[in-house]
S.K.: 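Structure in structure tokens, see below.
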Amino acid sequence: LKEKLKDAGQQLFIEKEARNKLFLVKPGEGIVVVEPTVYMQASASSTIKPMEGLPNWKQWWETFFKM
């Protein structure tokens, strides 16, 4: 506990917690919020199907690189 308390006072830890838990950003940065209903993939036949069951990294890959 003493080690965790010591780490909690470090600037890097405070910044990490502010970003991850409070969703704060530095000036000039932006936030991207992707709604769960946005996880859709268009196939060659122009039908849209949800990407359910895919890992999060794969959903991002499909969203941004498989257009």
Side-chain angles (χ1 to χ4, degrees):
L1 288 175
K2 288 182 180 182
E3 189 67 31
K4 284 187 178 185
L5 183 61
K6 179 182 164 191
D7 291 340
Q10 301 295 321
Q11 185 65 29
L12 186 61
F13 176 82
I14 294 169
E15 182 177 330
K16 180 181 170 187
E17 293 295 301
R19 289 176 175 274
N20 293 337
K21 294 186 178 173
L22 301 175
F23 305 107
L24 298 177
V25 294
K26 290 182 177 180
E29 292 181 342
I31 297 176
V32 175
V33 178
V34 181
E35 296 289 331
T37 57
V38 175
Y39 295 134
M40 306 295 273
Q41 178 182 15
S43 65
S45 63
S46 297
T47 59
I48 297 177
K49 60 182 181 178
M51 293 192 289
E52 295 175 8
L54 291 178
N56 193 35
W57 70 268
K58 184 136 182 150
Q59 292 178 20
W60 279 99
W61 181 267
E62 295 291 328
T63 299
F64 290 109
F65 298 110
K66 299 278 186 164
M67 300 191 158

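Excluded from the calculations below are hydrogen atoms, water molecules and symmetry mates; all remaining heavy atoms, backbone and side chain alike, are included. Positions are given from 1 along the sequence.
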S.K.: A side-chain contact here means heavy atoms from C-beta on lying under 4.5 Å apart; do Trp61 and Asn56 qualify?
M.R.: no
S.K.: My understanding is that a hydrophobic cluster links ILVMFWY residues whose side chain heavy atoms are under 4.5 Å apart, including indirect links. Using that, what else belongs to the cluster containing Ile14?
M.R.: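 Answer for Ile14: none, a lone residue.
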S.K.: Running the 4.5 Å side-chain criterion over Ile, Leu, Val, Met, Phe, Trp and Tyr, what cluster does Phe13 land in, apart from itself?
M.R.: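 Joined to Phe13, directly or through intermediates: none.
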S.K.: Please list all pairs passing the side-chain hydrogen bond (donor to acceptor under 3.5 Å, both in side chains) test where one or both residues lie in residues 16-30, with sequence neighbours left out.
M.R.: Glu15-Arg19, Glu15-Lys26, Glu17-Lys21, Arg19-Glu29
S.K.: So for atom CG, which belongs to Leu22, do other residues, nucleotides or ligands contribute more than 12 heavy atoms lying within a distance under 6.0 Å?
M.R.: yes
